[in-house]
Trainee: 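This is the structure I have questions about; it appears just below.
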Amino acid sequence: MPELPEVETVRQGLAKWVAGRTIATVEVRHPRAIRRHLPGDAHFIAMLTGRTILDASRRGKYLWLPLDRGGLLMHLGMSGSLSFGNAFDAPGPHDHFDLVTARGTLRLTDPRRFGAVVWSPAIDAGAAAKLLAGLGVEPFDPAFTGDHLYQALRRRRVAVKTALLGGDIVVGAGNIYACEALFEAGIDPRTRSDRLSRARCEALAEAVRLTLARALESGGSTLRDFRDAHGMAGAFQLQARVYGRVGKPCLRCGAMVRRIVQGQRATFFCPGCQKR
DNA sequence: ATGGGTACCTGTCTGC
DNA sequence: TGCAGACAGGTACCCA
């Protein structure tokens with residue numbers, strides 16, 4: 001579910017809420033949801049109890065909550081959401097994890113359980129370092145330039161859509177925004193990475209930034225169940241120009257939007273506007 | 001190293 | 001109405 005704009009929207013809501021709160025108790029109702037990525041952290045609850053949350057930051061689609069000792073790395077997977085409140089209802093079947101503080105509870109809900117919550121001694125050590133190790137540059141970092149993209153893509157032969165989704169070149173564009181950014185840049189998603197000119201890489205880098213920034217302004221996309229930390233839905237899906245619009249006319253040229261499958265993921269594109 | 005495929009889950013929608 | 005099958009925002013891991 002959540003791509004960078006959704007995770008950043010959650011982070012912004014979270015940062016104001018969590019800073020300075022001390023974890024009184026931890027409820028783990030589904031251990032698989034917590035340690036899916038890195039089994040063996042037997043002291044998970046002990047490392048959290050009594051700790052104070054300092055902030056909420058983000059790396060790619062991961063959230064990092066630094067604590068006064070160590071920190072918590074979280075990923076929302078395809079269907080995860082975080083919410084907080086002072087009087088939570090009894091947990092539902094997908095409410096796997098609560099951080100209870102004196103002034104409210106942070107709750108992870110994740111029906112598909114593709115998410116992860118991992119304690120780590122630091123963001124650049126232990127479990128967190130291992131999970132973040134292969135991530136590409138942040139799209140809003142000045143280091144993410146057309147030239148960066150060009151240098152990375154010229155060494156790959158996969159389709160450019162697949163390369164964007166990989167997250168090892170640039171992070172944050174998932175299936176929706178990879179499709180939308182390629183439309184914005186006028187690039188056919190099937191184009192081989194190493195066949196993209198420098199100029200088109202410049203256009204693509206700009207399109208990735210623009211697409212993610214627009215989505216962030218809209219509070220992300222809610223296709224089904226995305227909610228920010230206040231339970232609010234996003235609105236970017238209303239602006240999507242190709243994603244989910246198979247068989248509908250392109251809003252720019254009128255050609256029929258197509259759906260293909262690349263790397264077991266759906267890709268939407270306009271054959272009129274997007275060229276190899 | 002790269003690329004391709006599978007695995008991990010549940011809920012929802014579509015077509016028969 | 002029931003049921004099988006397809007599909008959904010992600011990524012870690014295995015193998016060639």
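In the text below, chain A, chain B and the rest are named by the order of the sequence lines, each starting its count at 1.
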Trainee: Could you pull out the closest heavy-atom pair between Asn175(A) and Glu3(A), with the gap in Å?
Mentor: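 That closest heavy-atom pairing would be N-OE2, 3.5 Å.
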Trainee: In whole angstrom, what separates Leu63(A)'s CG from dG10(C)'s P?
Mentor: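 In whole Å, dG10(C) P lies 14 Å from Leu63(A) CG.
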Trainee: Separation of Glu3(A) atom CD from dA8(C) atom P, in whole Å?
Mentor: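 So the CD-P distance, Glu3(A) to dA8(C), works out to 13 Å.
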Trainee: Using whole Å, report how far CG of Leu131(A) lies from P of dT11(C).
Mentor: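 Going from CG in Leu131(A) over to P in dT11(C) covers 11 Å.
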Trainee: Inspect the contact between Arg107(A) and Glu27(A) and indicate whether a charged nitrogen and a carboxylate oxygen are less than 4.0 angstrom apart.
Mentor: no
Trainee: Salt bridge between Lys61(A) and Glu6(A), side-chain N to carboxylate O under 4.0 Å?
Mentor: no
Trainee: Regarding Arg51(A) and Asp68(A), does a basic nitrogen lie under 4.0 Å from an acidic carboxylate oxygen?
Mentor: yes
Trainee: Could you tell me whether Arg154(A) and Asp194(A) make a salt bridge, using a distance below 4.0 angstrom between a side-chain N and a carboxylate O?
Mentor: no
Trainee: OP1 or OP2 of dT10(B) less than 4.0 angstrom from a side-chain nitrogen or oxygen of Arg113(A), does that happen here?
Mentor: yes
Trainee: Contacts to DNA chain C from residues 144-174 of chain A, heavy-atom cutoff under 4.0 Å, which residues?
Mentor: Gly174(A)
Trainee: Could you tell me if Arg252(A) sits above the aromatic ring of Phe183(A), with its cationic atom closer than 6.0 Å to the ring centre and no more than 45 degrees from the axis?
Mentor: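 Positive - Arg252(A) is close enough to the ring of Phe183(A) and near enough to its axis.
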Trainee: Only stems of 3 or more consecutive Watson-Crick or G-U pairs count here, both distances under 3.5 Å; name the ones for DNA chain B, or none.
Mentor: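 So the stems come out as B:2-8 with C:10-16, B:10-16 with C:2-8.
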Trainee: Please report the distance, rounded to the nearest Å, between CG in Leu76(A) and P in dG10(C).
Mentor: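 So the two atoms are 11 Å apart, to the nearest Å.
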Trainee: Quick check on dG10(C): is either OP1 or OP2 less than 4.0 Å from any side-chain nitrogen or oxygen of Arg265(A)?
Mentor: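 For Arg265(A), the contact criterion (side-chain N or O under 4.0 Å from OP1 or OP2 of dG10(C)) is met.
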Trainee: In residues 203-220 of chain A, what residues come within less than 4.0 Å of DNA chain B, judged by heavy atoms?
Mentor: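 Output list: empty, so none.
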Trainee: Report the distance from atom CE of Met78(A) to atom P of dG10(C), rounded to the nearest whole Å.
Mentor: 6 Å
Trainee: Under 4.0 Å between a Lys/Arg side-chain N and an Asp/Glu carboxylate O for Arg209(A) and Glu206(A)?
Mentor: yes
Trainee: Indicate yes or no: does Asp98(A) engage Arg29(A) in a salt bridge with an N to O separation below 4.0 Å.
Mentor: yes
Trainee: Are Tyr62(A) and dA12(C) close enough that a side-chain N or O sits under 4.0 Å from OP1 or OP2?
Mentor: yes
Trainee: Go nucleotide by nucleotide along DNA chain C from the 5' end; which of Leu135(A) and Ala266(A) gets its closest nucleotide reached first?
Mentor: Ala266(A)
Trainee: Using side chain to side chain contact (heavy atoms under 4.5 Å, CB included) as the criterion, point out the one residue from Leu72(A), Leu48(A), Ile23(A) that pairs with Ile53(A).
Mentor: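 Answer after filtering Leu72(A), Leu48(A), Ile23(A): Ile23(A).
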Trainee: Distance alone, cut at 3.5 Å: any donor-acceptor contact between the side chains of Thr22(A) and Thr52(A)?
Mentor: yes
Trainee: Taking 4.0 Å as the cut-off, does a side-chain nitrogen or oxygen of His94(A) come that near to OP1 or OP2 on dG11(B)?
Mentor: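 For dG11(B), OP1/OP2 do have a side-chain N/O of His94(A) under 4.0 Å.
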Trainee: Find the distance His75(A):NE2 to dA12(C):P and express it as a whole number of Å.
Mentor: 7 Å
Trainee: Give a yes or no on whether a salt bridge exists between Arg214(A) and Glu180(A), defined as a side-chain N under 4.0 angstrom from a carboxylate O.
Mentor: no
Trainee: Is the aromatic ring centre of Phe114(A) closer than 5.5 Å to the centre of the six-membered base ring of dC8(B), with the two planes inclined by less than 30°?
Mentor: yes
Trainee: Roughly, in whole Å, what's the span from CZ in Arg59(A) to P in dT11(C)?
Mentor: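 Going from Arg59(A) (CZ) to dT11(C) (P), I get 12 Å.
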Trainee: In whole angstrom, what separates Arg192(A)'s CZ from dT2(B)'s C1'?
Mentor: 13 Å
Trainee: Would you find a donor on one side and an acceptor on the other, under 3.5 Å apart, between the side chain of Gln151(A) and the backbone of Asp147(A)?
Mentor: no
